[in-house]
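Before anything else, here's the structure in question.
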Amino acid sequence: MLPPYRPESYVDFTQDDHKARMLDAIHAVSSQLGKSYSLRIGGKDIQTNDRITSICPAATDQIVGQVASATAQHAEQAVEIAYHTFKMWSRVEPDTRARILAKAAAIMRRRIYELSAWMCFEVSKSWIEAYAGVCEAIDFLEFYAREMMRLSGGHPTTPYAGEENEVRYIPLGVCVVIPPWNFPLAITTGMTSAAIVTGNTVVLKPASTAPVIAAKMVEIFREAGLPDGVLNFLPGSGSVIGDPLVDHRHTRMVAFTGSKEVGLRIYERAAKVHPGQIWLKRTILEMGGKDCIVVDQTADLEAAADGVVAAAFGFQGQKCSACSRLIAHESVYAELLDRVVEGAKGLTIGHPGSPENVFMGGVIDKHAFAKIKEYIDIGKSEGRTVLADGEVPMGGYFIPPTIIADVDPNARIAQEEIFGPVLAVIRGRNFNELLDIANGTEYGLTGAIYSRDRMRLERARHEFHVGNLYLNRKCTGALVDVQPFGGFNMSGTDSKAGGRDYLQLFMQAKTICEEF
Ligand code: NAP
Ligand code: MG
């Protein structure tokens, strides 16, 4: 029996011992940059002529790794191998599958500083953001292992004379897993382990900007004893292999986390039944957000400002849960804005692989850099620029914290997901208006409210329509099975990663009745 699940604890990098271990890991990883990684289909490592070059966002001349890039033929091959391996894997005892997750968690725990350092280089996470990302990956493994043990075996139904009845959960088949780059270990591990522990086989297509950390995860599953063919690793461009993977007649489900645009495409394509396909595909599609923090006139403004700065600029604003709108009551608006600007001015920006332990690194790639810059220009014309164009180091995709005030709730920078360190500040005259603005986008992922008014907090519980609502704390930083995570409306298909309903999404229920 496994002991009860408990989330991993973070460490304090101002303490010398943790700082020293992180610096050692950064040193070790920097000597391994630029290595090659292959596809893995069945038990075979496959090299390709085309390569994905993973670049460090904070030093664009630094190559993190060279990764093989799959073609449509590889996609076909990977789904077929996964389809055939399903016959074996679906019959392996749930407890056995769960133990592989527990073992993988133990390996990650032993390598936590090293895995953190890889994310400092590959996606420019700060030390604590990277470390928290490994903790979350471990949490998913530990939690889903226990969840599978809980869900395995027969579940009782209403007794009926002369019969034995039960319901059991069985796996679906081949699950195509498509994660984003922004939580390249946590989300990748979460979706992959959920599919595997429930008895499905997986074709994993990692994000092209973060394939190296995904390769590390695949290595860890192998070391943990996962049989060949259960997890097939298929880095490659989404625009080349995305459709073939989703469309394949032997694909049974798709678990995707990423942008609304790609999510909608998958939703539509997965609905089509192809010749030879004998099921309706299931999809889990977790998409973008336009999250906000609401601050009323009774709030603790210091706490609110700290929460906004952390949620808006942590990991350069590249979290689906990031605070991209601050909606404040007019009577505290000016003071709160001053505090937020002061806080943002104090943030450090640089290479997370340097000894400084910076707060912000670079944004993920040149496309993100250009897109965010474009939104900043749009923002400058849509509101009053109160913080922008701060000094940044050379050599990386650095964008300093940017704050645009007096933004109309329907302005583009108040409606569209920017996915960068850009905060739109919006004024409201009363609580009804604050809530209307908060709910006034097509998304519904996370939201927070700072208030000391009990009745307003209670109203927010009912009327603030987001999947993850936080009262008197920031809107980022959900923990596995503490705050199960996932949004409403265009933020996704209403699943809750790291929650107690999640694994059922990867299974179907079979009713068995025997008359004696
Ligand atoms: P993205 O551009 O949608 O990419 C996500 C994944 O989809 C990548 O692996 C990408 O591969 C792949 N892809 C691209 N085109 C595809 C296609 N035609 N068919 C199938 N797959 C395809 O998103 P991202 O930039 O990586 O991530 C940022 C987005 O994720 C934001 O919108 C953020 O809000 C959202 N997000 C949501 C959650 C949540 O829980 N709701 C959590 C984290 C992030 P390539 O890299 O090869 O293009
Ligand atoms: Mg990169």
Side-chain angles (χ1 to χ4, degrees), residues 50 52-54 57 67 69-70 72 75 122-123 133 136 140 176-188 190-192 203-211 213-214 233-248 251 254-270 283-291 315-324 363-365 367-369 371-372 416-420 441-446 466-468 475-478 480 483-499 502:
D50 277 350
I52 299 168
T53 303
S54 172
V67 183
S69 186
E122 188 164 47
V123 295
E136 191 179 357
F140 279 129
V176 170
V177 173
I178 307 179
W181 53 266
N182 71 329
F183 286 88
L185 186 63
I187 293 179
T188 310
M191 292 198 296
T192 303
V203 177
L204 166 64
K205 193 219 95 58
S208 296
T209 38
I213 189 72
F233 183 51
L234 207 74
S237 162
S239 57
V240 174
I241 60 169
D243 290 352
L245 288 173
V246 171
D247 295 350
H248 200 291
T251 294
V254 182
F256 166 84
T257 307
S259 63
K260 181 187 113 183
E261 189 194 10
V262 176
L264 294 184
R265 181 186 180 92
I266 293 174
Y267 191 54
E268 198 178 326
R269 295 191 78 97
T283 53
I284 301 174
L285 306 165
E286 295 311 304
M287 312 190 293
K290 191 66 194 175
D291 315 306
F315 190 36
Q316 299 81 265
Q318 300 171 117
K319 298 182 189 179
C320 53
S321 56
C323 170
S324 64
V363 301
I364 188 68
D365 64 4
H367 303 291
F369 183 81
K371 179 182 152 195
I372 298 165
E416 297 169 21
E417 188 181 49
I418 301 171
F419 225 58
T441 76
E442 63 178 341
Y443 295 107
L445 190 43
T446 76
V466 289
N468 284 64
C475 57
T476 52
V480 170
Q483 295 100 7
F485 189 85
F488 300 149
N489 294 346
M490 280 300 163
S491 293
T493 44
D494 320 308
S495 80
K496 279 282 185 280
Y502 191 67

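Worth knowing before you read on, the calculation uses all heavy atoms, side chains too, and leaves out hydrogens, waters and symmetry mates. Read the numbers this way: they start at 1 and go in the same order the structure lists the ligands and their atoms. On a predicted model such as this, the values are computed, not experimentally measured, just so you know.
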May I ask you to identify, for Glu417, whether its side chain, its backbone, both or neither come under 4.0 Å of ligand 1 on a heavy-atom basis? side chain
Is the closest side-chain donor-acceptor distance between Thr493 and Ser495 under 3.5 Å? no
Among Ser208, Gly467, Gly263, Ala322, whose heavy atom sits nearest atom 46 (O) of ligand 1? Ser208
For atom 19 (N) of ligand 1, what is the nearest protein heavy atom, given as residue, atom name and distance? Gly242 CA, 3.4 Å
Tell me which part of Pro179 gets within contact of ligand 1: side chain, backbone, both or neither, using heavy atoms under 4.0 Å. backbone
Nearest non-hydrogen protein atom to atom 11 (O) of ligand 1, with distance, is Lys205 NZ, 3.0 Å
Of the non-hydrogen atoms in Ile364 and Pro57, which two are nearest, and what is the gap between them? O-CG, 3.6 Å
Residue Thr257 vicinity, atoms of ligand 1 by number, heavy atom under 4.0 Å: 5 (C), 37 (C), 38 (C), 39 (C), 40 (O), 42 (C), 43 (C)
Going by the order shown, which atoms of ligand 1 are within less than 4.0 Å of some heavy atom of Pro206? 9 (O)
Atoms of ligand 1 close to Gly236 [distance to a heavy atom under 4.0 angstrom, numbered from 1]: 47 (O)
With Tyr443 via ring-ring contact (aromatic ring centres under 6.0 Å, His included) - residues at least two apart: none
Short version for Cys320: what comes under 4.0 Å of ligand 1, heavy atoms counted, is both
Sub-4.5 Å side-chain heavy-atom contact between Thr251 and Val246: no
Examine the proximity of ligand 1 to Leu445 and report which part, side chain or backbone, both or neither, has a heavy atom under 4.0 Å away. side chain
Just so I know, are the side chains of Leu264 and Met287 near enough to count as touching, which here means a heavy-atom distance under 4.5 Å? yes
Between Thr188 and Ala214, the two heavy atoms sitting closest are CG2-CB, 4.5 Å
Atom 37 (C) of ligand 1 sits nearest the protein heavy atom Met287 O, 3.0 Å
Show your working on salt bridge (charged side-chain N to carboxylate O under 4.0 Å, His left out) between Lys260 and Glu442 and close with a plain yes or no. CA-CA 11 Å; Lys260 181 187 113 183; Glu442 63 178 341; 2.8 Å; yes
shortest atom 35 (C) of ligand 1-to-protein heavy-atom contact is with Gly258 O, 3.2 Å
Ligand 1-proximal atoms of Phe183, by part, heavy-atom distance under 4.0 Å: neither
Does either side chain, that of Glu417 or that of Ser324, offer a donor lying less than 3.5 Å from an acceptor on the other one? no
Closest to atom 48 (O) of ligand 1 among Gly486, Ala497, Gly238, Ser321 (heavy-atom distance): Gly238
Which of the ligand 1 atoms, numbered from 1, are nearer than 4.0 Å to a heavy atom of Ile187: 42 (C), 43 (C)
At a 4.0 Å threshold, what atoms of ligand 1 neighbour a non-hydrogen atom of Ile178? 6 (C), 7 (O), 9 (O), 12 (C), 20 (C), 21 (N)
Identity and distance of the protein heavy atom lying nearest atom 2 (O) of ligand 1: Ser259 OG, 3.9 Å
Give the residue, atom name and distance (to 0.1 Å) of the protein heavy atom nearest atom 26 (O) of ligand 1. Trp181 CD1, 2.9 Å
Quick look: Arg265 vs ligand 1, heavy-atom contacts under 4.0 Å, and the answer is side chain
Just to be sure I read this right, does ligand 1 sit under 4.0 Å from the backbone of Asn182, its side chain, both, or neither, counting only heavy atoms? side chain
Ligand 1 atoms in contact with Phe256 (distance to a heavy atom under 4.0 Å): 3 (O), 5 (C), 6 (C), 7 (O)
Quick check against the 3.5 Å criterion: does Ser491 have a side-chain atom that pairs as donor or acceptor with the backbone of Gly444? yes
For atom 22 (C) of ligand 1, find the nearest protein heavy atom and state the residue, atom name and distance (0.1 Å precision). Val262 CG1, 3.5 Å
Tell me whether the count of non-hydrogen atoms from other residues, nucleotides or ligands lying under 6.0 Å of OH in Tyr267 goes above 12. no
Would you mind running through ligand 1 and noting each atom that sits below 4.0 Å from a heavy atom of Ser237? 47 (O)
Answer side chain, backbone, both or neither: which part of Val246 comes under 4.0 Å from ligand 1, heavy atoms only. neither
Taking the basic N atoms (NZ, or NE/NH1/NH2) and the acidic carboxylate oxygens, is any pair closer than 4.0 Å for Arg265 and Asp243? yes
Could you tell me whether atom 24 (P) of ligand 1 has a protein heavy atom closer than 4.0 Å? yes
In terms of atom number and element, which parts of ligand 1 are under 4.0 angstrom from non-hydrogen atoms of Pro180? 26 (O), 27 (O), 43 (C), 44 (C)
Got the closest protein heavy atom to atom 28 (C) of ligand 1, with its distance? Phe419 CE2, 3.6 Å
Output yes when a side-chain donor or acceptor of Asn468 lies under 3.5 Å from a complementary backbone atom of Ala478, and no otherwise. no
Determine the sole option in Leu445, Val466, Thr446 for which the side chain to side chain contact (heavy atoms under 4.5 Å, CB included) test with Ser321 is passed. Thr446
Phe315 backbone acceptor or donor facing Gln318 side chain under 3.5 Å: yes
For Phe140, ring-ring contact (aromatic ring centres under 6.0 Å, His included) partners two or more places apart: Tyr144
Distance-minimising heavy-atom pair for Val176 and Leu245: CG2-O, 3.8 Å
